[in-house]
Every structure is written in C-alpha cells, then in structure tokens.
Amino acid sequence: MDKLIEYLQFPFVRYALIVGVLIALCSSLLGVTLVLKRFSFIGDGLSHVAFGAIAIAGILRVESSMVVVLPVTVISAILLLRQGQNAKIKGDAAIAMISVGALAVGYLLMNIFSTSSNLTGDVCSTLFGSFSILTLSKTEVVLCIVLSVLVLAIFMFFYNKIFAVTFDEAFSRSAGVDAGAYNLLIAVIIAVIIVLAMNLVGSLLISALVIFPALSAMRLFKSFKSVTVCSGVLASLCAFLGMVISILAGTPVGSTIVGVQILVFFVCMLLGRT
Amino acid sequence: MSLLKAEGLSLGYDSQAIIEDLSFTVNAGDYLCVVGENGSGKTTLIKTLLRLTKPLAGSISYGDGLLANEIGYLPQQTVVQRDFPASVKEIVYSGLQGRCGLRPRYTREEKELARENMERMGVTDFADKCYRELSGGQQQRVLLARALCAAEKILLLDEPVSGLDPVVTADMYSLIEKLNREGITIIMVSHDVIAAVRYASHILYIGNTVFFGTKEEFRKSDQGRRFLLLEEQMHG
Ligand SMILES: Nc1ncnc2c1ncn2[C@@H]1O[C@H](COP(=O)(O)OP(=O)(O)OP(=O)(O)O)[C@@H](O)[C@H]1O
Ligand SMILES: [Mg+2]
C-alpha cells in the first residue's frame with residue numbers, strides 16, 4: 001500500500017491511471033455493438049493494421065506515432081466496413097488477409113529499417129503494450145484524454161441511434177434513419193478507440209479490452225442500457241485494478257488488465273447462471 | 001390518389017431478375033396480402049417498397065405525400081436479434097427514431113406515443129422485460145408496436161405469423177385486422193392463403209405467374225383455385 005501511495009506521488013503515474021481508465025471505458029462502450037453486429041473481427045483486423053502503421057511511423061521517425069496511426073486506422077476501418085457489406089467478397093477472409101498482411105509487413109519493415117538495438121523488445125511492447133502507458137509523452141496524454149472524452153460525448157449523443165442501428169439495421173433504414181452513416185460513425189469510433197487502446201494494452205490485446213466487458217455485462221443484464229453501463233463500470237474497474245496490480249507487482253500492464261477482465265468474466269458467468 | 005403504385009417492377013439481385021413486370025396499386029385503407037412460395041421474392045418486394053433495395057426496372061410512386069418514414073415495417077425475423085440484450089421498452093422506443101432526425105433524446109409526446117402503442121399491442125405488462133425471453137407471439141407484438149411508432153399510415157408486415165401456434169396466430173390476425181379497421185393500410189406477406197383470402201381485401205400472388213386483384217377475383221383465378229384446392233386437401 002505504501003508503495004502505491006509512493007508511486008502516486010509521481011504525476012506520470014497519475015496520468016497513466018486516468019488515461020488507462022478513460023481508454024478502457026471508451027473501448028467497452030462499443031463492445032456490445034461490436035459483439036452483436038458481428039463486428040468484433042473488424043476490431044481485431046484493425047488492431048493489426050495499427051501495428052503495421054506503427055512500424056511505418058517508426059520508419060518515418062515522426063514524433064508521435066499517433067499522427068500516422070490514427071488516420072491509417074480510420075481509413076482502414078472505413079474500407080473494411082465497405083468490404084463487410086459487400087456480400088460478393090467474403091468479408092471475413094478479406095479482413096483476415098489484411099490483418100495478417102499488416103502484421104507481417106509491419107514486422108518486416110521494423111526489421112529492415114530499425115535502428116534500435118532492442119528490436120525484439122520494441123516489437124513485443126507494440127504487440128503487448130508492456131509499460132508504454134507510463135512512458136506516454138505529455139502530448140500523447142492530452143491527445144488520449146481529448147479523444148476519449150470526444151468518443152464518450154459522441155457515444156452519448158448518438159446512443160439511441162446506435163442502439164436502433166445495432167438492433168435492427170433494416171428497420172432503421174426503413175424508418176428513414178441513415179444507417180450507412182451510423183455504421184461509418186461506429187467504424188470510425190472503433191478505429192479511434194483501437195489507436196487509443198494500443199497505448200494501454202498493445203495491439204494484440206485490444207480486442208480483449210473491447211469484448212470482455214461487454215460479454216461479462218451481457219451475462220448479468222438484459223437491457224441495452226444496463227449492459228452498456230455495466231460494461232463501462234466493469235471496464236473502468238478492471239483497468240484501474242489491473243494497472244495498480246501491475247505497478248505493485250511489476251507485471252506488464254496490458255496482460256494484467258486482460259487477466260483481471262478474464263477473472264471478472266468468469267465471476268459474471270457464475271453469477272449469471274443463478 | 002393511390003397510396004402506393006408499382007409499375008413494371010423487376011426485382012432481383014445483381015441484375016438477376018426474380019420477378020418481372022409486376023404492377024399493382026395500394027389505396028389508403030387496403031389490406032393487401034402477398035402470397036407465394038419460399039424464395040419467390042416476397043421479402044425482396046417488401047424491401048424494395050421500403051426502398052432498402054433498388055428495383056432492377058420499373059418504378060414505385062408514393063402518393064398522398066407518403067414519406068419513407070411514415071411506413072412501419074415488421075421484418076421477417078433474423079437470428080442476430082435473438083441474443084440481443086434489449087428491453088421491450090427500448091425496442092418500442094427505437095421505432096421513434098425516424099421522427100427524431102439528429103435529436104438525441106425522445107420528447108415527451110414521442111414517449112407517450114410509444115406507451116400508447118405498447119398498450120394497443122398489449123405489451124405494456126412486460127415493458128421492462130428482456131425481449132429475448134418473450135415468447136414468439138409476444139415478440140411479434142413488440143415488433144408490431146415498434147412498427148406502429150414508426151408510422152401511422154401504412155404497415156409492411158413480413159410473415160408476422162410464422163412460427164406462431166394457431167391460437168396466437170388468430171390473435172395476431174385479429175390484431176392486424178383491428179389496425180386495418182382503424183384506417184391503417186396493411187401490406188402483409190403470408191404463406192397462409194386461407195387466412196389471406198379471409199382477411200385481406202386484395203391479393204398479390206407472385207411465383208411463376210403473377211396475379212393481382214381483389215380477393216374475390218383471386219378466388220376465381222387459376223392460381224387462387226389451385227391454391228385453395230391444395231389447402232383444402234391438406235386440411236381435409
Ligand atoms: N441479399 C441477397 N443477395 C442475392 N440474392 C438474394 C438476396 N436475398 C435473397 N436472395 C434471393 O432472392 C430470392 C428471393 O428471396 P426472398 O427472400 O425475397 O424470398 P421470399 O419470397 O421472401 O421467401 P420466404 O418465403 O422463404 O421468406 C431467393 O432465391 C434468394 O436466394
Ligand atoms: Mg421472406
């Protein structure tokens with residue numbers, strides 16, 4: 001406990017905790033929509049694209065990798081969504097192709113152009129997040145907070161629409177709702193969330209951040225609102241706990257948070273049975 | 001002026017026509033039943049009327065200033081909905097979406113309308129219950145309440161009684177009949193030709209041949225006679 005208080009003296013630790021909880025909260029909100037719309041594979045594909053983008057950002061030596069990663073991921077999200085709606089081309093196969101492709105090319109590029117002496121370490125931290133949350137620059141912290149708040153605001157503003165489009169797209173369209181625009185909005189938000197969450201848990205573990213809280217909440221609650229609120233609460237708690245544990249025990253942030261989420265998922269599953 | 005007029009419609013996907021040269025009119029207060037075998041293109045027709053898919057050829061004109069968001073729609077059920085965490089209230093409210101534009105919250109009048117429609121469909125008692133835990137018949141009534149929130153003028157129902165037992169089916173039919181008598185135009189897809197002839201005012205048969213006319217005309221037509229004979233044989 002003393003150790004924790006001692007750590008909290010450092011502003012960067014406090015920033016990390018705030019940013020981490022915000023990111024986890026944002027990721028969880030759209031989880032329900034992704035799971036139910038069978039979009040979760042898009043999230044997975046995008047996280048790999050983001051990995052490739054990070055490699056490119058590394059080569060270009062831009063100050064903050066987010067400047068490259070954010071637009072690349074957003075554009076990929078839009079393209080993947082288009083693919084998914086095209087019944088002719090097998091949507092999931094296309095996504096699998098893009099996602100492993102990005103992973104492989106990203107690693108290749110890193111290998112060819114890297115100047116770092118610790119390449120394996122770099123790759124590992126991009127994939128699994130390591131402690132990068134504690135090493136965020138001030139700009140990145142601000143950017144993370146701004147983006148998270150933006151995502152939260154947009155989600156709350158369009159909450160009813162997102163529900164309607166998720167529940168029954170054909171009906172929403174028939175009632176004159178521009179479902180295409182909202183699908184696009186959802187895809188863009190996912191992309192932003194993935195770029196954000198990359199800082200916290202690394203690209204391989206992002207899907208966990210998006211999916212676990214929603215699945216846990218769906219065991220316990222039966223209405224969209226309660227599931228959404230519950231998954232937000234669970235995500236924030238798990239992220240906070242996970243980060244505190246990782247600071248105290250010296251474990252990697254990303255996998256610790258996901259570990260806590262898995263535990264919570266099983267607890268919810270048991271509670272949901274009764 | 002008619003509410004809806006289809007002229008020389010060709011329907012299909014990827015320029016593969018399923019139905020060709022389909023013409024019919026629907027007037028305010030009509031009760032049109034669309035019958036035909038599985039895969040004959042009934043759902044496709046409904047989706048085209050809703051402007052969800054484009055016709056390959058031909059045109060649909062909407063009269064009496066009928067706007068897209070004045071049409072209520074009851075879809076043929078999809079699998080995705082079945083494990084969706086949503087309360088009855090949330091679903092019925094979502095029928096109000098078309099009225100909202102960009103406005104994020106529902107107004108008091110809209111909520112009142114949703115409440116009335118839940119009352120009308122007899123689903124008020126389980127307003128806070130989970131949709132997926134309702135019986136098939138209750139679910140259909142919830143979706144009907146949602147469709148009513150979307151539109152007062154015309155309802156498009158895609159197989160509203162599929163999978164329901166005879167008693168609940170009869171309930172559903174009388175509910176729809178009641179709505180029709182209250183002045184709502186009905187276009188309903190059904191496999192049940194007997195019920196179609198009993199409740200509808202007009203019949204549209206699609207299949208190898210196309211028939212459109214009043215139910216009296218349908219009874220006398222070749223398609224109608226063949227179908228009704230078939231049904232009689234099946235039910236003894
Ligand atoms: N999205 C689609 N893309 C391509 N073909 C489709 C699509 N949807 C339906 N079809 C085809 O169009 C034909 C008509 O389908 P439709 O769903 O309209 O039939 P239906 O009359 O509603 O059948 P049912 O009674 O089983 O509901 C079928 O042969 C089907 O395979
Ligand atoms: Mg159908």
Side-chain angles (χ1 to χ4, degrees), chain A residues 29 31-40 84-89 152-182 185 213-231 268 272, chain B residues 13-14 43 46-53 67-106 110 127-134 143 146-147 149-151 154-156 158:
Chain A
L29 290 181
V32 184
T33 302
L34 292 205
V35 171
L36 291 168
K37 268 190 155 256
R38 310 283 185 260
F39 268 4
S40 28
Q85 282 164 347
N86 189 340
K88 268 263 174 89
I89 302 167
L152 280 177
I154 290 176
F155 181 81
M156 288 207 269
F157 188 81
F158 289 111
Y159 170 82
N160 281 327
K161 262 109 192 155
I162 291 175
F163 169 77
V165 172
T166 311
F167 180 68
D168 192 339
E169 192 173 320
F171 178 85
S172 302
R173 274 183 205 273
S174 81
V177 174
D178 189 351
Y182 290 108
L185 182 76
L215 288 180
S216 303
M218 278 161 73
R219 306 277 138 193
L220 297 181
F221 290 98
K222 305 260 160 81
S223 80
F224 193 74
K225 193 175 222 159
S226 49
V227 166
T228 305
V229 171
C230 174
S231 64
C268 288
Chain B
Y13 300 90
D14 309 317
T43 299
I46 294 288
K47 289 198 169 152
T48 312
L49 293 180
L50 289 167
R51 292 178 257 211
L52 297 176
T53 46
L67 302 169
N69 57 9
E70 287 176 333
I71 303 175
Y73 173 40
L74 183 83
Q76 199 171 2
Q77 280 221 325
T78 52
V79 203
V80 181
Q81 288 173 15
R82 297 227 180 254
D83 56 349
F84 201 101
S87 69
V88 167
K89 217 183 193 161
E90 287 177 315
I91 292 172
V92 175
Y93 277 2
S94 76
L96 301 164
Q97 270 311 313
R99 301 166 186 265
C100 285
L102 271 181
R103 176 158 42 80
R105 299 269 167 260
Y106 303 119
E110 285 167 349
D128 291 312
K129 270 199 147 182
C130 175
Y131 175 77
R132 64 169 192 254
E133 285 169 0
L134 301 180
L143 294 186
R146 175 184 68 165
C149 285
I154 181 166
L155 279 178
L156 271 67
D158 198 345

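Letters go in sequence order (proteins before strands), and every chain restarts at 1. Side chains included, hydrogens not; waters and symmetry mates left out as well; all remaining heavy atoms used.
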(message) Does any part of the side chain of B:Arg51, heavy atoms only, come nearer than 4.5 Å to the side chain of A:Arg173, both counted from C-beta?
(response) no

(request) Look at A:Met218, A:Lys225, A:Lys161 and state which one has the largest set of heavy-atom pairs under 4.5 Å with chain B. (result) A:Lys161

(request) Check whether any side-chain heavy atom of B:Glu90 sits under 4.5 Å from a side-chain heavy atom of B:Phe84, and report yes or no. (result) no

(request) Please determine, among A:Phe158, A:Phe221, A:Phe171, A:Phe224, the option with the most heavy-atom pairs under 4.5 Å with chain B. (result) A:Phe171

(message) Out of B:Gly95, B:Cys100, B:Cys130, B:Gly101, return the one with the most heavy atom pairs under 4.5 angstrom to chain A.
(response) B:Cys130

(message) Holding to side-chain hydrogen bond (donor to acceptor under 3.5 Å, both in side chains), I want the full list of residues that pass it with A:Tyr159, two or more places apart in sequence or in another chain.
(response) none

(message) Using a strict threshold of under 4.0 Å (side-chain N to carboxylate O), is an ion pair present between B:Glu110 and B:Arg99?
(response) no

(message) Side chains of B:Leu52 and B:Tyr73, heavy atoms from C-beta outward: is any pair under 4.5 Å?
(response) yes

(request) Give, as side chain, backbone, both or neither, the part of B:Ile91 having an atom under 4.5 angstrom from any heavy atom of chain A. (result) both

(request) Under 4.5 Å heavy-atom distance to chain A, tell me which part of B:Leu102 shows up: side chain, backbone, both or neither. (result) both

(request) Go through the atoms of B:Arg103 and report whether side chain, backbone, both or neither lie under 4.5 Å from a heavy atom of chain A. (result) backbone

